[in-house]
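Note that this is a predicted model, so its numbers are computed, not measured. Quick note: numbers below take in every heavy atom, side chains included, and nothing from hydrogens, waters or symmetry partners.
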Amino acid sequence: MDEFEHIRVRVEGPVARITLDRPERRNALSLDLMRELLKAFGAIDHDVRLVILDATGPVFSAGHDLGEMLDRPKEFYDELFAVCTDVMEGIHELPQPVIAKVQGVATAAGCQLVASCDLAVAADDAWFATPGVKIGLFCSTPMVPVARAVGRKRAMQMLLTGEPVRATTAVEWGLVNQAVPADQLEAAVQDLAKRILAFSAETIGIGKRAFYAQAELHEHEAYRVTKPVMAANAATPDAQEGMAAFLDKRPPQWSTGG
């Protein structure tokens, strides 16, 4: 992939690792960094089957770069939050599952980034917050994925108080999947990735797209979306192979990974 200034991208077999690399700025999500994330998403090859999103230094991400947000015209803010939204929605549009590996702190747009990932594993001493209210800038865009992850009352508690939530609480609330000791964080992410990579990449991609297509719909509409997806999925070679392997009591031989 192309070289970047604010992120690092490397491909390790079927896994692409995208690393926020502005530790001197607490991996703040500047406009340029977010543009690089979008470029990296667009360059992910079809051979990549899973993405790990992590960060260098002691902090995952402190959110938007406030230093570049002072005394700017409204057009700058329009662009900043439009690009940020593109990043968050871009994660959902990728066919590959995206796992956030979180250490230290994930606040404001950094918390939004974690909530937007399909899965998240955090160090047990990490913490999460949407503290924009403390600086007069309500976390209106971060609340979109955060509220969908933790529910209305818990999201409002985070948004209205700005108080941090520890990783163990974040697990209980559904913001992250797992909290482990910091020295076990990489191993836990690798274990989760390994379990996902055991399955058909095509099937995973179909399922991820369908999940986000139906997630906020009423039940009847959700079934209207997912019925044809499941019917089409059933006819794919990997689904036919998986069902046959189950009946034959043998391991499946996926055409697209596993």
Side-chain angles (χ1 to χ4, degrees), residues 7-8 12 15-23 26-29 37 50-64 87-88 91-92 94 96-132 134 139 141-199 204 208 211-212 215:
I7 67 174
R8 289 187 287 112
E12 305 161 340
V15 177
R17 188 178 292 259
I18 301 176
T19 303
L20 309 181
D21 195 25
R22 296 184 75 206
R26 295 164 64 86
N27 293 313
L29 302 180
L37 283 175
L50 185 139
V51 177
I52 295 172
L53 182 62
D54 62 9
T56 56
V59 170
F60 178 78
S61 176
H64 287 299
V87 168
M88 306 306 165
I91 290 171
H92 293 176
L94 286 172
Q96 298 89 349
V98 180
I99 304 174
K101 174 189 172 185
V102 187
Q103 80 284 3
V105 177
T107 61
C111 187
Q112 179 184 7
L113 187 60
V114 174
S116 296
C117 289
D118 304 308
L119 301 166
V121 181
D124 58 10
D125 59 354
W127 54 273
F128 305 82
T130 51
K134 296 182 178 181
C139 286
T141 47
M143 76 180 174
V144 173
V146 171
R148 283 159 171 74
V150 306
R152 294 186 180 188
K153 290 293 190 292
R154 288 165 172 169
M156 287 299 281
Q157 179 178 326
M158 294 178 69
L159 293 159
L160 294 174
T161 69
E163 294 170 355
V165 171
R166 290 291 179 185
T168 50
T169 302
V171 172
E172 294 173 5
W173 286 9
L175 184 60
V176 301
N177 298 87
Q178 187 179 4
V180 299
D183 61 357
Q184 298 176 25
L185 183 56
E186 177 63 22
V189 171
Q190 291 290 343
D191 177 71
L192 183 57
K194 182 180 179 180
R195 284 183 277 153
I196 295 168
L197 291 170
F199 304 118
I204 293 289
K208 177 176 170 175
F211 177 85
Y212 289 112

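- Crowding of Arg26 atom CZ: a count of heavy atoms from other residues, nucleotides or ligands under 6.0 Å not exceeding 12.
- The shortest heavy-atom contact between Asp125 and Arg166 is O-NH1, 3.5 Å.
- Distance check: Met143 CE to Arg152 CZ gives 11.0 Å after rounding to the nearest 0.5 Å.
- Within the 4.5 Å cutoff, the side chain of Phe128 has no heavy atoms near those of the Val146 side chain.
- Looking only at distances, no side-chain donor or acceptor of Ser61 sits under 3.5 Å from a matching main-chain atom of Val105.
- Val150 approaches Ala155 most closely through the heavy-atom pair CG2-N, 3.5 Å.
- For the pair Ala188 and Val121, the tightest heavy-atom approach, listed with the atom from each and the gap, is CB-CG1, 4.0 Å.
- With values rounded to the nearest 0.5 angstrom, Asp21 atom CG is found 4.0 Å from Thr56 atom OG1.
- Closest of all the heavy-atom pairs between Gly57 and Pro23 is CA-CB, 4.2 Å.
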Stepwise, does the side chain to side chain contact (heavy atoms under 4.5 Å, CB included) test hold for Cys111 with Met158?
CA-CA 11 Å; Cys111 187; Met158 294 178 69; 4.2 Å; yes

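- One distance of note links CD of Gln112 with OG1 of Thr141; it measures 4.5 Å at 0.5 Å rounding.
- How far CG of Leu37 is from CD1 of Ile18: 6.5 Å, rounded to the nearest 0.5 Å.
- Within a 6.0 Å sphere centred on OH of Tyr212, other residues, nucleotides and ligands contribute more than 12 heavy atoms.
- Of the possible polar contacts, one joining the Gln103 side chain to the Ala55 backbone as a donor-acceptor pair under 3.5 Å is found.
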Report the C-alpha distance between Thr107 and Phe60 in whole Å, list the side-chain angles of each, state the deciding distance to 0.1 Å, and finish with yes or no for side chain to side chain contact (heavy atoms under 4.5 Å, CB included).
CA-CA 9 Å; Thr107 61; Phe60 178 78; over 6 Å; no

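- Here the CG atom belonging to Leu53 is positioned 5.0 Å from the CG atom belonging to Leu113, to the nearest 0.5 angstrom.
- The minimum heavy-atom distance between Lys208 and Ile91, with the atom names listed, is NZ-O, 2.8 Å.
- Under the 3.5 Å distance criterion, the side-chain polar atoms of Asn27 are matched with a main-chain donor or acceptor of Val59.
- For the atom pair Glu186 CD and Asp54 CG, the distance stands at 7.5 Å (nearest 0.5 Å).
- Taking every heavy atom of both residues into account, Asp124 and Ala182 meet most closely at OD1-N, 4.2 Å.
- With Arg17 contributing its side chain and Ile52 its backbone, the two residues share no donor-acceptor pair below 3.5 Å.
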Full working for side chain to side chain contact (heavy atoms under 4.5 Å, CB included) between Ile204 and Leu50
CA-CA 10 Å; Ile204 293 289; Leu50 185 139; over 6 Å; no

